[in-house]
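A short worksheet on the structure shown next.
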Amino acid sequence: SANINRKITAIGTGPFMAATDYEYRVGIKLRRNPDYWVSDERGNRFPYLDGVQLALIPDFAAALAAFRTGKIDQGVALVGATQVRGLMKTNPTTLVQERNAGPSTLAIGVGFRLDKEPWKDVRVRRALSLTIDYEALAQTVVEVPYFGASWISGAWYGQPSNSLEVMTKECGCPWYQGPDVKRAKALLAEAGYPNGFTTTLEYFPYNSVYTPTYEFMSFAWAEIGAIVKLKTLDLTIYRPNLEKGAWTDLSLTFLNPPPASIYAAVQHFVPGQGANPITGWVNDPKMTAWVKEFNASYKDDAKQKDIARQMRAYYMDQVITIPEPLGRTYGILAPRLRNYQPATGALITSDFRGTMFAWIDDDWAFNK
């Protein structure tokens with residue numbers, strides 16, 4: 001209909017329907033779709049729940065407190081075994097669903113505005129990477145050995161590991177074997193910054209892992225005179241900045257949804273293609289040539305994988321991003337939420353099919 005305002009009107013065929021208007025920073029209530037097209041084996045139409053209330057609680061501590069007191073049933077992600085143990089002390093009947101990081105195609109890292117100084121200079125980027133003890137960062141923040149994510153994952157060309165050892169061996173580079181403060185300072189001096197500089201890292205704290213990760217990094221960077229101020233942004237500001245490549249200097253960067261194929265993965269390195277702004281405006285003749293060769297080799301799978309391997313090695317050597325450690329994610333459920341089926345892979349859609357199988361049984365509520 002020409003009268004539909006697509007910006008505010010929800011249109012779909014999912015198991016739940018909007019019952020209220022969305023309230024900024026509050027959330028929205030959904031009601032059961034009585035005409036949903038999927039039924040169980042007994043002929044009962046899904047979903048079982050009468051409705052779902054989505055509550056927006058930006059502060060992690062507040063969200064966890066709401067879960068502990070039974071005000072919300074799921075939606076809080078814990079990122080380390082220490083957090084899980086702390087929760088289980090107060091809520092021992094919590095259901096915990098652990099997910100391990102595999103050969104992820106989701107690249108999460110600190111991105112640089114590569115079209116600006118000082119980030120144009122590879123020596124500056126290498127210096128920042130060289131100050132980080134990546135293994136200590138992983139053990140401190142996510143409590144597992146380092147397993148990273150780059151814009152070109154090894155998963156695309158048959159390499160099942162994104163470990164530090166593998167990534168460093170492939171690129172033949174030392175930039176991830178720090179901390180080496182002396183060499184990092186020398187690189188900054190060569191680049192014209194013997195006294196360092198002050199800059200800003202902008203991000204939205206999607207979960208509790210981001211702030212301690214960047215605090216760890218900024219502390220390391222301060223050792224070489226690179227003073228990085230952390231700036232959290234509202235999601236409505238952060239995401240448009242990210243997707244337009246409009247952040248000031250440094251930013252949390254990632255692709256969402258993740259690339260569905262190796263073709264989509266490599267296009268981002270070419271100006272005017274893919275999500276090039278999210279990469280920080282990568283504009284490198286070698287990358288552009290590789291992508292052109294890759295696209296022309298669509299009949300030769302082995303050659304494409306070899307090109308992807310070369311691109312990944314170059315990407316790592318050029319420190320196009322600071323790769324962040326991936327760890328285990330712990331999804332927590334209130335015990336009264338029965339038969340909830342979470343997504344097991346990347347979140348591509350939010351159609352609530354995991355919720356449509358669930359029901360509430362208050363005989364399993366906390367403190368019973």
Side-chain angles (χ1 to χ4, degrees), residues 103-122 124-126 129 148-159 162 167 170-171 173 202-204 206 235 237-324 326 345-349:
S104 175
T105 57
L106 176 63
I108 302 175
V110 175
F112 303 94
R113 279 292 301 269
L114 299 167
D115 58 335
K116 295 174 59 176
E117 297 291 352
W119 319 117
K120 284 182 177 181
D121 195 317
V122 68
V124 174
R125 304 195 302 271
R126 286 170 172 170
S129 181
S150 65
W151 288 97
I152 299 181
S153 171
W156 292 125
Y157 54 85
Q159 172 54 260
N162 286 332
M167 292 194 292
E170 285 184 340
C171 72
C173 61
E202 303 170 7
Y203 67 102
F204 173 76
Y206 282 98
L235 184 62
I237 298 173
Y238 161 73
R239 281 303 293 268
N241 282 356
L242 172 68
E243 290 162 10
K244 295 175 186 175
W247 65 88
T248 305
D249 286 289
L250 305 176
S251 180
L252 160 63
T253 58
F254 65 96
L255 292 177
N256 187 37
S261 70
I262 190 171
Y263 283 96
V266 302
Q267 306 307 319
H268 309 302
F269 296 103
V270 179
Q273 295 188 33
N276 186 254
I278 294 179
T279 68
W281 307 101
V282 170
N283 186 2
D284 187 299
K286 284 190 175 181
M287 283 290 196
T288 300
W290 268 318
V291 174
K292 184 177 181 179
E293 184 182 6
F294 178 93
N295 292 338
S297 305
Y298 61 92
K299 292 184 179 180
D300 191 335
D301 182 67
K303 184 175 182 180
Q304 285 191 325
K305 288 181 177 179
D306 184 60
I307 293 170
R309 185 179 293 106
Q310 293 179 65
M311 289 182 69
R312 211 278 273 277
Y314 183 72
Y315 166 98
M316 297 300 294
D317 186 52
Q318 292 291 300
V319 191
I320 290 175
T321 60
I322 301 287
E324 296 181 25
L326 299 174
L347 180 61
I348 304 297
T349 181

Worksheet item: Is the shortest heavy-atom distance from the side chain of L114 to the side chain of K120 under 4.5 Å?
Response: no
Item to complete: Could I get the full list of side chain to side chain donor-acceptor pair (under 3.5 Å) partners for E202, not counting sequence neighbours?
Response: T248
Fill in: Nearest heavy-atom neighbours spanning D317 and C173
OD1-CB, 3.3 Å
Worksheet item: With under 30° as parallel and over 60° as perpendicular, where do the rings of F112 and W119 fit, or are they tilted in between?
Response: tilted
Discussion item. Donor-acceptor check, side chain of T253 to backbone of G109, threshold 3.5 angstrom: yes or no?
Written reply: yes
Practice prompt. Run the salt-bridge test on D301 and K305 with the 4.0 Å N-O cut-off and return the result as yes or no.
Written response: yes
Worksheet, complete the sentence: Between V266 and F294 the two heavy atoms that sit nearest each other are CG2-CD2, 3.8 Å
Worksheet item: Less than 4.5 Å apart, any side-chain heavy atom of R113 and any of D249?
Response: no
Worksheet item: Judged by atom type as modelled, is there a donor-acceptor pair below 3.5 Å linking the side chain of R312 to the main-chain atoms of S153?
Response: no
Practice prompt. Name all residues meeting the ring-ring contact (aromatic ring centres under 6.0 Å, His included) criterion together with W290; count only those two or more places apart in sequence or in a different chain, and write none if there are none.
Written response: Y314
Discussion item. In the structure I gave you, are the side-chain heavy atoms of Q267 and V291 within less than 4.5 Å of one another anywhere?
Written reply: yes
Item to complete: Answer whether the closest heavy-atom distance between the side chains of V270 and N276 falls below 4.5 Å.
Response: no
Item to complete: Scan residues 279-296 for pairs that pass salt bridge (charged side-chain N to carboxylate O under 4.0 Å, His left out), counting only residues two or more places apart or in two chains.
Response: E293-K303
Practice prompt. Taking the side chain as every heavy atom from C-beta outward, state whether N241 and Y238 have any pair of such atoms under 4.5 Å apart.
Written response: no
